[in-house]
Amino acid sequence: MDLHLKVEVLDAKTREQLCFLDKVEPHSTIGDIKSLFYKLYPRWYPARQSLTLDPKGKFLRDEEILQSLPVGTTATMYFKDLGPQLGWTTVFFAENIGPLLIYLLFYFRVPYIYSDRCAFTSSPHKVVTMACVCHTFHYLKRLIETIFVHRFSHGSMPLRTIVKNCLYYWGFSAWLAYYINHPLYTPPSYGEVQVHYAMVIFAICEMGNFSIHLSLSHLRGDRSRGRRFPVPSKNPFTWLFFFVSCPNHTYEVGTWVSFSIMTQCLPVAVFTVLGFIQMTVWAKGKHRAYVREFKDYPAVRVAIIPLIL
Amino acid sequence: MASSEEDGTVEEKENNNKKRTKSALTTAWLTFYNIAMTAGWLVLAMAMLRFYIKKGTHKGLYRSIARTLKFFQTFALVEVGHCAIGIVRTSVIVTGVQVCSRIFMVWLVASSIRQIQNEESVILFLVVWTVTEITRYSYYTFKLLNHLPYFVKWARYNFFIVLYPLGVIGELLSIYAALPFVRRSGMYSMRLPNKYNVSFDYYYCLIIVMLSYIPCKETVCLEPTFKLLQTSFSCKTHLTHSKGSKLAVRMRSINKKVIGSISSISENYG
């Protein structure tokens, strides 16, 4: 008995047949189909392909096996071109290197930003230097995490998204760097006390954020024990897991709130608020996914702000 | 068994009744809203005509209708609410952007910068808006009452071809005329140094607004318009193709998109 399946790939928009694959092993994955498709159409590398069983349905993951899908002996799939894709690591790298360098341009008062006589001068305020150190440290930490710590799930992201994200991060960092390093910058109203307290909170939140990222990457790496949700460990920073599903976002918000207090700069506060809104959306999505997947998920946990949100 | 079936149908009936009363209520509200807005813009049109006939000039016309204009244009914010709760099938963002740009023109340009109120460009966009809104709201009203006169439908889909560019010209010229007054007075602006380490220059903000007319209006209005004109020309030559042919399938899908775009262009300008 011929156990092989046939796969027919149609264009999702025009419904014309793009390829017909004969004699496909039933236990081959969607990833295999994508590679075969790529051989016929070298322009569409696998990361760019979206294959679905229904023209308007969700795309099939690469790991899915043909046999487990609800198809007969001939599987009909619909193809959509996702556009040029870039790996997540590249995306994160581009998003974080920009703010790092742009802020430094403003800190060193490169010519043409402020008036000519201020070029390459430095601010008399200590807080400006501290802010630069904090900001640079934050983005350096992010870059290091991108290279060594994070384990990304999907392979890639469309080109349009990376352009949009880079514009957002780079634009905002230029805007807030402009004011903090401006010759007419006004230091915080409560002076050194405000700056020092804010720095302490900044340091705590950065350490917390790092601990959470480490703990999440260990969870990902430990595939032998199946899928589990993150739990608090011996590290006190991870104890926030008792209360929230996404403490990394909580700590990130804390970082930016403390940075706004440290610099007392309205554009930083605006950036913090927008970041908080976006991270809340992400955290709520993640929280919902956890609750749906794990029946024993702790009921006391909320998405991002302990006991509140 | 029988009782649970009965319960099921009773519950279904209750749900259907709830849906019916809900949709009757929403239709009633929408009809009232659209009638009220048509009436409001008609009142504006009458007031403008009366002023012009009486005084023979457009100077002082804006002042005389400013309050009514502010009221009815601001009330249009309600439409964003309609989209948000789903009783009107349009994107919240599209409607939001359109209403906000109108409110911006009324409150932050025309009403607050007195020196441009006698400019011809202001009268231009006022006239365009009035005709547009009367057409739009009366179209919605008739549609809700299930009695759409052909003229209203024709007006809705054709007026914008002339009104849209005229409106854009009027608005842009008005903002341009306002620029020197904004610069001189430094209104709505904040300079360094200040406690919150932020600055805002309304003059440059207006310039950015003027520049943003190009991408915004292009994506929201021009692109769908071009597609519409393209298909209406090509449709006429391809009517002989059979229903099932690939081209016919494509035409049908483009037509669907075009009709969707018409409603979105017309949302915004016509």
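Just so we're clear, the structure is a prediction, and the values are computed from it rather than from any experiment. Labels below follow one simple rule: chain letters A, B, ... track the order of the sequence lines, proteins then strands, and each chain is numbered from 1.
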Neighbour count above 12 (heavy atom, 6.0 Å) for B:Leu211 CG:
yes
Quick one: pull up OG in A:Ser189 and OH in B:Tyr196 and give me the separation to the nearest 0.5 Å.
7.0 Å
Within this structure, what is the CG-CE distance for the pair A:Leu266 and B:Met190, rounded to the nearest 0.5 Å?
6.5 Å
Would you say OH of A:Tyr41 has more than 12 non-hydrogen atoms from neighbouring residues, nucleotides or ligands within 6.0 angstrom?
yes
For A:Tyr197, does the OH atom have more than 12 heavy-atom neighbours from other residues, nucleotides or ligands under 6.0 Å away?
no
Using a 6.0 Å cut-off, check whether atom CG of A:Asp54 has over 12 heavy atoms from anything other than its own residue.
yes
Within a radius of less than 6.0 Å around OH of A:Tyr112, do more than 12 heavy atoms belonging to other residues, nucleotides or ligands occur?
no
Heavy-atom closest pair (B:Pro193 atom, A:Thr186 atom, distance to 0.1 Å) is CB-OG1, 3.8 Å
Keeping the roles fixed (side chain from A:Tyr179, backbone from B:Ser199), state whether a donor-acceptor pair exists under 3.5 Å.
yes
Expected output: side-chain A:Gln264 to main-chain B:Asn197 donor-acceptor under 3.5 Å:
no
